[in-house]
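Report on the following structure.
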Amino acid sequence: MAPGLLDLVHLTTWAVCAVIKLPQLVAVLRAGSAWGLSLSSLLLELAGYLVFLRYQIYYGYPLETYLEYPIVIAQDVILIYCIMHFSGKARRALFYALIYWGSWYMLTLQKWIIDLAMNLCTFVSAASKLVQLQHLWQTKDSGQASALTWGMSVYTCAARITTTVMTTNDLAVLIRFIIMLILNIWVTATVLHYRKTKKTD
């Protein structure tokens, strides 16, 4: 792949990630409700993002391969707080913040910890998608879940598969993106299915 094309993939990934959670945030704020969203799913997703970002920094990977993660993490934190607020659980936010903050520093105490965390990160991130799928299946209603946000996640995973192959070729990272791509497609299809079902009722 030509360097110009690789740069374009990086740029489009950053652009998409700059707004990836905004459709979801707008839907939640407009409705004043987090119906259709799983808090557990987002907490797991945030854990996966934090581990992945810490791993990339620890191994000194090129900044352009993970630059979007701080932006996505900030958006996730805001979305999680909104969900907690609308669910009457805002007081728990400080507890979760302390857990994540402490974990961020513990991850790099030893090399084996960050390596193990990265391998587990794929399972945690996959679990976050499966928890959201389970929530959708149980409620049979996509509620405020944004198909656009999930669709953008599909694009970013596909783009990161390409950039990983072209830059670091890290197998653990590549496997993570492939699994996330498949699960993001599945969640997107499920959200669209329940949105269509709701419209026809």
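Heavy-atom basis, side chains included; hydrogens, waters and symmetry copies ignored.
Both Leu43 and Ile73 are assigned to one and the same hydrophobic cluster, defined by single-linkage of ILVMFWY side chains at heavy-atom distances under 4.5 Å.
Met152 and Pro23 get closest at one heavy-atom pair: CE-CG, 3.7 Å. Closest of all the heavy-atom pairs between Arg195 and Gly143 is NH2-O, 3.8 Å. In plain terms, the two heavy atoms of Pro70 and Tyr66 that are nearest each other are CD-O, 3.6 Å. Contact between Thr188 and Ala147 at its shortest, heavy atoms only, is CG2-O, 4.1 Å. Pairing each heavy atom of Thr13 with each of Ala159, the nearest pair is OG1-CB, 3.2 Å. Taking all atoms of both residues into account, the shortest heavy-atom contact from Trp150 to Asn184 is CZ3-OD1, 3.2 Å.
If you take CG on Leu37 and SG on Cys82, they are separated by 10.5 Å, rounding to the nearest 0.5 Å. Annotation: the span from Tyr55 atom OH to Leu107 atom CG amounts to 12.5 Å, rounded to 0.5 Å. Between the CG atom in Leu44 and the CG atom in Leu130 there is a gap of 10.0 Å [rounded to 0.5 Å]. Here the straight-line distance linking atom CD1 of Ile182 with atom CZ of Phe177 works out to 14.0 Å at 0.5 Å rounding. Summarising the geometry, atom CG belonging to Leu46 is positioned 11.0 Å from atom OG belonging to Ser41; distances are rounded to the nearest 0.5 Å. Here the SG atom belonging to Cys157 is positioned 7.0 Å from the CE atom belonging to Met180, to the nearest 0.5 angstrom.
Trp112 CH2: 12 or fewer foreign heavy atoms inside a 6.0 Å radius.
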**OP:** Any chance you could lay out the ring pair (Phe, Tyr, Trp, His ring centres under 6.0 Å) test for Phe52 and Tyr69, step after step, and finish with the verdict?
**Re:** CA-CA 8 Å; Phe52 185 76; Tyr69 278 85; 4.8 Å; yes
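Every pair passing salt bridge (Lys or Arg N to Asp or Glu O under 4.0 Å) that includes a residue from residues 59-68 is listed here, sequence neighbours excluded: Glu68-Arg160. Sorted by first and then second residue, the salt bridge (Lys or Arg N to Asp or Glu O under 4.0 Å) pairs involving residues 167-193 (not counting sequence neighbours) form an empty list.
Using the six-membered ring where Trp is involved, Tyr105 and Trp101 have ring planes that are perpendicular, over 60° apart on the 30 and 60° scheme.
Although no hydrogens or angles enter the test, the distance criterion places no donor-acceptor pair under 3.5 Å between the side chain of Gln24 and the main chain of Leu79.
Under the 6.0 Å cut-off for aromatic ring centres, Tyr100 and Phe95 do not qualify, their centroids lying 6.0 Å or more apart.
Of the N and O atoms on the side chains of Lys111 and Tyr59, at least one donor lies less than 3.5 Å from an acceptor on the other residue.
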